[in-house]
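All chains are named by letter (A, B, ...) in the order of the sequence lines, taking the proteins before the strands, and each is independently numbered beginning at 1.
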Amino acid sequence: MDINKKWGGVMIPSTVQLKKLIFKIGEVSKMIDVSPRQIRYWESKGFIESLRGNENSSRVYNFHNFMKISSIKYYLDQGYTLQGAIDQTAKHAKNMDFLRKFLEKSYHGIKQLDGKMAVNLGFFDAEKSKILYGLLNDDGEVQYKIVKK
DNA sequence: GTTCTAACA
DNA sequence: TGTTAGCA
């Protein structure tokens, strides 16, 4: 992450590199509610992949595989067989890749806007004269603001 | 405490 | 798939 913005005395990331975000098998297991046994089994079948740092022999998962595991779990809960869940996941792989890219590219940091926390979502126009910000109103709903640079 | 592989009262 | 054993 690009830690170069200061806000409220705390350093916050101005970009997020999901490619470098990794989780251990136990973390993935708790977050997605799939057993480590299942995760290892799916990997043995070649449905998912893990990174194995040579430092130790334990598995780590990048965001891509985290989403893949999450997707398989989702379709299993929907009633699909494992193979069916794998097929559905593969079918929607493009959507997952798109979402991952979008999340990574759309976040440009956080700043104070009119006394409120706002997410910089990047330039609104091709001329790069306006910036789109996302905020949360008092009801917790997302609202947007366009600010001239 | 966590993860690994192998194996199954 | 769960769970346990025995390691690292």
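Between A:Arg59 and A:Arg52, some side-chain heavy-atom pair lies under the 4.5 Å cut-off. Side-chain contact between A:Ile39 and A:Val28: present, with at least one pair of heavy atoms (C-beta onward) separated by less than 4.5 Å. You'll find the side chain of A:Ile69 reaches within 4.5 Å of the side chain of A:Trp42, heavy atoms only.
Side-chain atoms of A:Asn65 do not come within 3.5 Å of backbone N or O of A:Ile48 as any donor-acceptor pair. Looking only at distances, no side-chain donor or acceptor of A:Gln88 sits under 3.5 Å from a matching main-chain atom of A:Ala85. Looking at A:His108, its side chain does come within 3.5 Å of a backbone N or O of A:Lys105 through a donor-acceptor pair. Side-chain atoms of A:Glu27 come within 3.5 Å of backbone atoms of A:Lys24 as a donor-acceptor pair (strictly under, hydrogens ignored).
A salt bridge links A:Asp77 and A:Lys73; the closest N-O separation between the charged side-chain nitrogens and carboxylate oxygens is under 4.0 Å. Ion pairing between A:Lys94 and A:Asp97 fails under the 4.0 Å rule for side-chain N and carboxylate O.
Here the range on DNA chain B touched by chain A, meaning any atom under 4.0 Å from one of its heavy atoms, is B:dT3 to B:dA7. Taking a heavy-atom distance under 4.0 Å as the criterion, the stretch of DNA chain C touched by chain A extends 5' to 3' from C:dT1 to C:dT3.
Sorted by first and then second residue, the ring-ring contact (aromatic ring centres under 6.0 Å, His included) pairs involving residues 121-149 of chain A (not counting sequence neighbours) form an empty list.
Ring planes of A:Tyr75 and A:His92: parallel class, angle under 30° (limits at 30 and 60°).
The stretch residues 27-37 of chain A touches DNA chain C through A:Ser35, A:Arg37, each having a heavy atom within less than 4.0 Å of the strand.
Residue A:Phe102 shares its hydrophobic cluster (ILVMFWY side chains chained together at separations under 4.5 Å) with A:Phe98.
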>> Give the dot-bracket line for DNA chain C from 5' end to 3' end: parentheses for intra-strand Watson-Crick or G-U pairs under 3.5 Å, square brackets for crossings, | for inter-strand pairing, dots for unpaired.
In response: .|||||.|
